[in-house]
Protein chains: 2
Amino acid sequence: MDQDQITRFRNFSRAVAIEIGALEDSFLNRGRSLGSARVLNAIGLGYEDVSDLRAFLDLDTGLLSRLLRGLEAEGLIETNPKPDDRRSRVTTLTPMGVREFEIYEALSDQRAERVLARHADVRHLLDAMDVVTVALSREDIVFEEVDYSSELATKCLNAFAAELSRRLNLIFDLKKSGDPELSQMQHPHGTFVVASLGAMPLGCVGVKGNGGPLAEVKRMWIAPAARRLGLGRRLMTKAEDAARALSITTLRLDTNSTLFEAVSLYKRMGWTEIERFNDDPYPDIFMEKHL
Amino acid sequence: MDQDQITRFRNFSRAVAIEIGALEDSFLNRGRSLGSARVLNAIGLGYEDVSDLRAFLDLDTGLLSRLLRGLEAEGLIETNPKPDDRRSRVTTLTPMGVREFEIYEALSDQRAERVLARHADVRHLLDAMDVVTVALSREDIVFEEVDYSSELATKCLNAFAAELSRRLNLIFDLKKSGDPELSQMQHPHGTFVVASLGAMPLGCVGVKGNGGPLAEVKRMWIAPAARRLGLGRRLMTKAEDAARALSITTLRLDTNSTLFEAVSLYKRMGWTEIERFNDDPYPDIFMEKHL
DNA sequence: CCATTTACCTGACCTTAGTCAGGTAAATGG
DNA sequence: CCATTTACCTGACTAAGGTCAGGTAAATGG
């Protein structure tokens, strides 16, 4: 590995560590230790079981226990035995705890806002940050079949439409092109697969079927920040597996040569070019794969 | 400010905080507290005066003093009164201290290497990290006149040549085009201005003069990671100021329309287009500015 | 020259973080 | 049913981080 690359990484770490230190300092101004604040935050994020908290925060049983007692004494949380296993305990924020949690959230938001406000071209900076976020959190990326009308799917589809419009220099309207297909991209006819990192949509692909052995792959998209990580292949694999499970034996798709990354992926994954099978104006490449 | 942007920033912070925490943990394996390790590191980086250390690490006098005594007791540093002000004290690493410092450096390097090794497309990730580093450390960017043959200048020039070759689709050879001009880009004829962040070159521009009132601006370059921050304008302003100080009254330059960001900057800064004044093959735009 | 300031040190003290050895109550598994 | 395991708690302890009130020696500024 190049020493110059290592230096660049270390410069990055140093620059960001300063920002992170500043955020943690701002947390201390609420008269509570960083440990307590972190536990409160984790509970607010939904880690309510004591065992989940322990795993998430990587804390010793004794230490966590004492931090919980402290928050309890402050009236911020309540802990009760879990109904189905009374050895385990579940914590819940009291109304006061919720307020306090929200204050910390607001502090984090303000901090983020202040840093971003210093920059004229926020989009450019955030695009770079997204690339780093996705790369560093690669292990947490989740691939799942979701409903075509779910919020995550909608986010993906809107981003897909925006990118298609930009790259093909046209106005791609999901309403016109998408809604009629809704039931065909849902079980049992078809499916819709999404890759995401938390609430952040990273990619999608739909399988549009009609109950027969032939189905169509549509809406294949990878977020710019998530490219070059091999997600496209994983997403397509997941879609092909889902199609097989729906007794589909042949998949086909149409695309445009402008979307060269996608076309090259399809080729690498064993798709072959076939004759035009529709008269849509925008696609100029048609492909097929037998499962 | 958009809530979505804030969320993206916060996701970024979280992802990176985990990496940074892991690095600090690896420091603890050497049987020394993080505080001591940080002080040793700072001394190794060149913060030798006790007051500099205090400012850099933001430590209380008492705490720093005790950490220094600890390192002294380990035989890693020596502290002596400063000759010109015997109240102040200067620390120096002993040979053993140097070795220990280098071990920490190696740990950081290994950590960086391990993280980067997990990524197929390291260049892409590092480019994004550079954008973040530069944006977050904007206040530390330094503009200075340097010798045209200095290391920093050479780094800039090589990057400049590489980018020119790429964007104009030719092989731009500094050796042929640069070396004959060396003395003309040095005082008293001309100058060479560099923008940098530590050892990281962010941009450059040369003023090539011959002692007369007319000089030429050449080698204007801004690192990709440093774009959209307004550095080009600051760099050009610095170059124009330096030219004035050298009694230059008119600057001119040639460039290529492919380098549209530069051309638009020159126009915004009051440069006007003039007739071709040389017969070089690559430039197609010629400009002038009276100081 | 001497009061004041500056730079650093020392000792006393406190909080936080973290570890570990028990202990209790509930669940589990023959 | 009972030994064992699991989930959590408590108390004792240590190390590290951090604050503060003096104290000393050197420099400074009328």
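We name chains A, B, ... by the order of the sequence lines, and we start the count at 1 in each one. Just the heavy atoms: all of them, side chains too, but no hydrogens, waters or symmetry mates, feed the values below.
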Problem - Note: B:Asp241-B:Lys238 ion pair, threshold 4.0 Å (strictly below) - result: no
Handout entry: Note: B:Arg69-B:Glu72 ion pair, threshold 4.0 Å (strictly below)
Key = yes
Handout entry: Nucleotide C:dT6, atom P - distance to CG of B:Asp49 in whole Å
Key = 17 Å
Problem - Short N-O contact, A:Asp127 and B:Arg8, less than 4.0 angstrom - result: yes
Handout entry: Dot-bracket pairing map - DNA chain C, Watson-Crick plus G-U, both contacts under 3.5 Å, | cross-strand
Key = ||||||||||||||||||||||||||||||
Handout entry: Rounded interatomic separation in angstrom, taking CZ from A:Arg30 and P from C:dT15
Key = 20 Å
Fill in the blank from the handout: Separation of D:dT6 atom C1' from A:Arg89 atom CZ, nearest Å, is 15 Å
Practice task
Could you tell me whether B:Arg10 and A:Glu105 have a side-chain N and a carboxylate O separated by less than 4.0 Å?
Solution key: yes
Practice task
Measure the distance from CG on A:Leu64 to C1' on D:dT10 and round it to the nearest whole Å.
Solution key: 14 Å
Problem - Spacing of CG belonging to A:Leu59 relative to CZ belonging to A:Arg38, to within rounding of 0.5 Å - result: 8.0 Å
Problem - Whether over 12 other heavy atoms sit under 6.0 Å from B:Arg118 CZ - result: yes
Exercise for the section: Take atom CG of B:Leu53 and atom P of C:dC9, then tell me their distance rounded to the nearest Å. Expected result: 10 Å
Practice task
Give the rounded distance in Å between these two atoms: CD1 of B:Ile77 and P of C:dC8.
Solution key: 13 Å
Practice task
Provide, to the nearest angstrom, the distance between the CD atom belonging to B:Glu24 and the C1' atom belonging to C:dA17.
Solution key: 14 Å
Practice task
Report, as a single string ordered 5' to 3', how protein heavy atoms within less than 4.0 Å touch nucleotides 15-28 of chain D: B base, S sugar-phosphate only, - not at all.
Solution key: -SSBBB-----BS-
Problem - Test log, rule salt bridge (charged side-chain N to carboxylate O under 4.0 Å, His left out), inputs B:Arg66 and B:Asp60 - result: CA-CA 10 Å; B:Arg66 236 165 304 119; B:Asp60 171 85; 5.5 Å; no
Fill in the blank from the handout: Rounding to 0.5 Å, atoms CZ (B:Arg111) and CD (B:Glu24) come to a distance of 11.0 Å
Practice task
Rounded off to whole Å, could you give me the CD-to-P distance for the B:Glu48 and C:dA7 pair?
Solution key: 18 Å
Practice task
Taking only Lys NZ, Arg NE, NH1 and NH2, and the carboxylate oxygens of Asp or Glu, determine whether A:Arg30 and A:Glu74 approach each other closer than 4.0 Å.
Solution key: no
Practice task
Name the nucleic acid region contacted by A:Ser65, choosing base, sugar-phosphate or nothing; use a 4.0 angstrom heavy-atom cut-off, strictly under.
Solution key: base
